[in-house]
Amino acid sequence: MLQNKKILMGITGGIAAYKMPLLVREFKKAGAEVRVVMTKAATEFINPITLATLSENDVVTDTFPDSSVPTVKAETWHIHLGTWADILLIAPATANTIAKIAYGIADNPVSIMALSIRCPVIISPAMDTYMWENPVTQENINNLQERGYFIINPEIGELASGLSGKGRLPEINKLIKSVDVFLQNLKHDMTGLNILITAGPTHEPIDPVRYIGNRSSGKMGFAIAKNAAMRGAKVTLVSGPSHLQTPNFVKRIDVETAEEMYNATVRNIRKADALIMAAAVADFTPTEYSEQKIKKEDGDNSFSLNLKRTKDILETIGFKKKENQVFVGFALETNEGLSSAKVKLKKKNLDLIVLNNPKIKGAGFGGDTNIVTIIHKSGKEENLPKMTKHSIANELLNRVLEFYNKQ
Ligand code: CTP
């Protein structure tokens, strides 16, 4: 996919910049054309001559480049490069550059490019954990995701500071793969769509140390989120507690309880073109939360807990569905699956429901495959063979798109 692609690289001043010459070389080896712009701070870490040699192109290091450099037009280089590129990859992206891009500040070659670019922008942040976790950085990242920038999540590992944590730039081969997969999926048949997805279990707290949960891993919902983002959709993923890594280019909202999931879903539903509820939401939650850890007393042979119903998210918002919205539910059934799923489809005013039975080998929680039946509002039933959750995600998204386009 990289053959003949025009890749514009924006390098900013983080220690991971030292890896960029290798990335340029790999892009070139794969047949891509590469141009590089870099900040002054980046030139402290690597010499532009190295990048110019490897990319076989002059490198822009200043807002007003030396006009004697033949391939860089001193006054309008940002417009030329902005229309030339198929993709702008900013790596490593420092917290400083991320903040500048989020606020439209254009005071160095990379932030200028981010503002004048005409193609998709991939940002690969790399920084110290504390800088990454700082709420300002997180807010800027969220804002950028909202506006359609694609974020490659930094990895957890050893950092230049000697500390270990989140903030590492992914290895070169992973960066190449991300760009390659991104370009492959650039068919972008879901561009312009806002997709809201819920995933994972919910945890209903009993006391500070205990909760009621379920076995959902979140894998199905995360696979849908990943694939929708790769197909160009703007994806918001409301996730219950899950250790899964946030898929690249996805905006994640973490929640814990059914009530928090309800609130996050309701807050984001208005702008959504489709809602896919893959989460296993608790139907009941403890009536009361004990502030102190509940102790057993001598002689206690049993213990009972009072539970109350949670709000059914789909049912509550299903009937407020706007004309052109597509709503998809999941039904997890261990018996009488088909009839029960059809009842849920009607009761929750859904367009599609995905039925699966966790008791069948190769289906359900935790694994990488699933066996599902997709039931349409028209009554049509489609039995899909055993597939990876990744493939099921794409099959489902095809149907969501069909529904959306028909309306
Ligand atoms: N769901 C929801 N809010 C809840 C419970 C479930 O929005 N409080 C959604 C799930 O995300 C799923 C669908 O409703 O998309 C069906 O969930 P499921 O648990 O299978 O069905 P329930 O309606 O809860 O019925 P039951 O548990 O009695 O089978």
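We count ligands from 1, going down the list as the structure has it; atoms in each ligand are counted the same way. The first residue in the sequence is number 1, and the count goes up from there. For the numbers below, each heavy atom of this structure counts, side chains included, while hydrogens, waters and symmetry mates do not.
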Could you see which bit of [X] sits under 4.0 Å from ligand 1, with heavy atoms only: side chain, backbone, both or neither?
X      : value
Thr310 : side chain
Lys311 : backbone
Leu314 : both

Residues [X], [Y]: salt bridge by 4.0 Å N-O rule:
X      : Y      : result
Lys28  : Glu33  : no
Glu315 : Lys344 : no
Arg399 : Glu395 : yes
Lys293 : Asp207 : no
Lys5   : Asp86  : no

So, regarding [X] and ligand 1 (criterion: nitrogen or oxygen to nitrogen or oxygen, under 3.5 Å), is there a contact or not?
X      : result
Met277 : yes
Asp283 : yes
Ala279 : yes
Phe330 : yes
Lys344 : yes

Non-hydrogen side-chain atoms of Ile156 and Thr129 separated by less than 4.5 Å:
no
Check whether any side-chain heavy atom of Leu183 lies under 4.5 Å from a side-chain heavy atom of Leu2, and answer yes or no.
yes
Can you tell me which residue and heavy atom of the protein come closest to [atom], and the distance to 0.1 Å?
atom                   : answer
atom 6 (C) of ligand 1 : Lys348 NZ, 3.9 Å
atom 4 (C) of ligand 1 : Val281 CB, 3.6 Å
atom 3 (N) of ligand 1 : Ile313 N, 2.9 Å

So how far is it from Ser116 OG to Trp77 CH2, rounded to the nearest 0.5 Å?
6.5 Å
Would you mind running through ligand 1 and noting each atom that sits below 4.0 Å from a heavy atom of Gly329?
15 (O)
Counting each atom of ligand 1 from 1 as listed, which ones have a heavy atom of Ala331 under 4.0 Å away?
20 (O)
With a 4.0 Å cut-off on heavy atoms, is Lys347 in contact with ligand 1?
no
Ring-face cation contact, Phe222 with Lys219, 6.0 Å cut, 45° max
no
